[in-house]
Undergrad: 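Sharing a structure here in structure tokens format.
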Amino acid sequence: MEDLELVSFKIISAVGAAKSSFMEAMTYANAYDFDKARALIEEGEAYRVQGHEAHFGLIQKEASGEKTALNLILMHAEDQLMAAETIKILAEQLVASYEKIHTLEQLIQTQS
């Protein structure tokens, strides 16, 4: 397997794990387990950074004059990297929203 394919699969693997962590974080936030949700976002971010660093290595090679041949595997890796970044943002927003909802529910219960 060529170096580019190995790097592409490294990106795909890392950001796939990141997306899974971010999705699981949303599930825990929905159950009001915010500590677990935040821990999963941190775990996912560590995986996302691994994928980003592998991708950045390709960018550095390109910047130094080494041409990168585009192929479907690399395109898929980049697509997955962008999706992971988007899902992270959504997960963070959902955790914050569920925390507000939970706080409001508690306030309503104490006033009842």
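Treat the numbers as computed from the prediction; the structure is a model and nothing was measured.
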Undergrad: Report the distance from atom CD1 of Ile59 to atom OG of Ser64, rounding to the nearest 0.5 Å.
TA: 12.0 Å
Undergrad: Hey, could you give me the CZ/CG distance between Arg48 and Leu81, rounded to the nearest 0.5 Å?
TA: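 Arg48 atom CZ to Leu81 atom CG measures 7.0 Å (nearest 0.5 Å).
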Undergrad: Grab the two heavy atoms, one from Ala14 and one from Gly51, that are nearest each other, plus how far apart they are.
TA: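 Nearest pair, atom of Ala14 first, then Gly51: CB-N, 3.6 Å.
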Undergrad: Looking at CD of Gln60 and CD of Glu66, how far apart are the two atoms once the value is rounded to the nearest 0.5 Å?
TA: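 Rounded to the nearest 0.5 Å, the CD-CD separation comes out at 11.5 Å.
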Undergrad: Applying the salt bridge (charged side-chain N to carboxylate O under 4.0 Å, His left out) test to Arg38, which of Glu24, Glu45, Glu92, Glu99 qualifies?
TA: Glu99
Undergrad: With sequence neighbours left out, what residues match Glu53 under side-chain hydrogen bond (donor to acceptor under 3.5 Å, both in side chains)?
TA: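 Glu53 satisfies side-chain hydrogen bond (donor to acceptor under 3.5 Å, both in side chains) with no other residue.
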Undergrad: Quick check: is Leu70 connected to Ile11 through a chain of hydrophobic side chains (ILVMFWY, heavy atoms under 4.5 Å apart)?
TA: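 Both belong to a single hydrophobic cluster.
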Undergrad: What do the steps show when you test Asp3 against Lys10 for salt bridge (charged side-chain N to carboxylate O under 4.0 Å, His left out), and what is the final call?
TA: CA-CA 11 Å; Asp3 185 48; Lys10 181 178 181 181; over 6 Å; no
Undergrad: Side-chain heavy atoms under 4.5 Å apart, restricted to Ile/Leu/Val/Met/Phe/Trp/Tyr: what other residues fall into the cluster of Tyr32, or is it alone?
TA: Phe22, Met23, Met26, Phe34, Ile41, Ile87, Leu94, Val95, Tyr98, Ile101
Undergrad: Can you list everything that forms a side chain to side chain contact (heavy atoms under 4.5 Å, CB included) with Gln106? Sequence neighbours excluded, please.
TA: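 Scan of Gln106 (side chain to side chain contact (heavy atoms under 4.5 Å, CB included), adjacent residues dropped) gives His102.
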Undergrad: To the nearest 0.5 Å, what is the distance between CD1 (Ile12) and CD1 (Ile73)?
TA: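 The distance works out to 7.0 Å.
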Undergrad: Which value, rounded to the nearest 0.5 Å, describes the distance between Gln50 atom CD and Ser13 atom OG?
TA: 8.5 Å
Undergrad: Which heavy atom of Ala37 sits nearest to which heavy atom of Ala29, and what is that distance?
TA: CB-N, 3.9 Å
Undergrad: Atom CG in Leu74, atom NE2 in His76: separation rounded to 0.5 Å?
TA: 11.0 Å
Undergrad: Decide side chain to side chain contact (heavy atoms under 4.5 Å, CB included) for Lys36 and Leu40; before the verdict, give the C-alpha distance in whole Å, the side-chain angles of both, and the deciding distance to 0.1 Å.
TA: CA-CA 6 Å; Lys36 181 69 174 174; Leu40 284 161; 4.0 Å; yes
